[in-house]
Amino acid sequence: MPLKIFKHLRAGLESTRGTGVAMTRGIEFTTGQWDQVIDTIYPEELRTSYEAHYTAAAGAETNSLDIEAPVDFDIMPWWLNLHMKGVASRTGAGADKTWTFLPTLTTDDQKSATVQFGYSDSISATQPAMSLTYVIGDALTLSWEKAPGSVGTTLKSHLVSTKGATQLSAFSGTGTFTTSELAKAETKVASIDP
């Protein structure tokens, strides 16, 4: 039975979709779940019998990750690369930088990622983790609560991959965790620009 609820998550943006890369960043999250679906090929055969099926084989595999996390200014551009548009650098002078994610209808420049996850920070052959390539954002939900003592600004990300999951006994790359700069909820305003 595959691991469903995981504890450790790291990832790297792929230069070429579906081509695995070493991990470049650790991903902080509050909950994470992996769902793996493998279709069954189950043809009907006529063999002068009342039985219609004699053989079955594994079909297409789909993997999805559902992740909830606090909104962090340092990691939010990474999430938007997977869900909206690939943007490599920010603009602006000094400490204040601006990231512009303007999706286009004429080009498909959304990024994909290689993601590794497991139930422990220290994996091994007896306590393995999983790796997925070609992971793309399918749905991103941002929410915020302004009440004192609330969770503040959070995100829910649904990621999908049609590539097969690979078991691994050691994480690749560094998977460095950044210092969190959480987005506060008390001044949030939602608007639709013209």
Apply the test side chain to side chain contact (heavy atoms under 4.5 Å, CB included) to residues Glu14 and Thr19: give CA-CA distance (whole Å), side-chain angles for both, the deciding distance (0.1 Å), then the verdict.
CA-CA 7 Å; Glu14 296 171 346; Thr19 303; 5.8 Å; no
Nearest 0.5 Å, please: how far is CD in Gln36 from OG in Ser64?
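Ser64 OG to Gln36 CD: 10.0 Å, rounded to 0.5 Å.
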As an exercise, state the distance from CG of Leu13 to OG of Ser112, rounded to the nearest 0.5 Å.
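It is 8.0 Å, given to the nearest 0.5 Å.
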Measuring only between side-chain heavy atoms, which start at C-beta, is [X] closer than 4.5 Å to [Y]?
X: Arg10; Y: Phe171; answer: yes
X: Asp72; Y: Pro70; answer: no
X: Leu80; Y: Val87; answer: no
X: Glu68; Y: Thr154; answer: no
X: Leu132; Y: Leu65; answer: yes
X: Leu159; Y: Trp79; answer: yes
X: Glu44; Y: His53; answer: yes
X: Leu142; Y: Met76; answer: yes

Look only at the side chain of [X] and the backbone of [Y], and say whether a donor-acceptor pair between them is shorter than 3.5 Å.
X: Gln116; Y: Ala129; answer: no
X: Gln110; Y: Gly137; answer: yes
X: Thr114; Y: Gly12; answer: no
X: Lys97; Y: Gly92; answer: yes

Group every Ile, Leu, Val, Met, Phe, Trp and Tyr by side-chain heavy-atom contacts under 4.5 Å, then state whether [X] and [Y] land in the same group.
X: Leu168; Y: Ile27; answer: no
X: Leu9; Y: Val21; answer: no
X: Ile136; Y: Trp78; answer: no
X: Phe117; Y: Ile123; answer: no
X: Leu82; Y: Met130; answer: yes

Answer yes when Asp108 and Arg17 have at least one side-chain N-carboxylate O distance shorter than 4.0 Å, and no when they do not.
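Here Asp108 pairs with Arg17 in a salt bridge, since their nearest N and O are under 4.0 Å apart.
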With side chain to side chain contact (heavy atoms under 4.5 Å, CB included) as the criterion, how do Asp39 and Ile41 come out once you've worked through the C-alpha distance, each side chain's angles and the decisive distance to 0.1 Å?
CA-CA 7 Å; Asp39 294 330; Ile41 299 170; over 6 Å; no
For atom [atom1] of [X], is the number of surrounding heavy atoms from other residues, nucleotides or ligands below 6.0 Å larger than 12?
X: Glu45; atom1: CD; result: yes
X: Lys156; atom1: NZ; result: no
X: Lys163; atom1: NZ; result: no

Sort out for me which residue in Thr153, Val71, Val151, Leu155 forms a side-chain contact (heavy atoms from CB on, under 4.5 Å) with Trp144.
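One option only clears the test, and that one is Thr153.
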Co-members of Leu105 in a cluster of I, L, V, M, F, W and Y side chains, linked at under 4.5 Å
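Under the 4.5 Å side-chain rule, Leu105 groups with nothing.
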Should Ile75 and Glu28 be marked as a side chain to side chain contact (heavy atoms under 4.5 Å, CB included) after you check the CA-CA gap, both sets of side-chain angles, and the distance that decides it?
CA-CA 9 Å; Ile75 191 123; Glu28 297 282 356; over 6 Å; no
Given Phe6, which partner from the list Trp34, Tyr119, Phe29 fulfils the ring pair (Phe, Tyr, Trp, His ring centres under 6.0 Å) test?
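Testing Phe6 for a ring pair (Phe, Tyr, Trp, His ring centres under 6.0 Å) against Trp34, Tyr119, Phe29 leaves exactly one candidate, Phe29.
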Any chance you could lay out the side chain to side chain contact (heavy atoms under 4.5 Å, CB included) test for Asp35 and Asp66, step after step, and finish with the verdict?
CA-CA 8 Å; Asp35 189 30; Asp66 287 297; 5.6 Å; no
Do we see a donor-acceptor contact under 3.5 Å between the side chains of Thr104 and Thr106?
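The answer is no; no qualifying pair exists.
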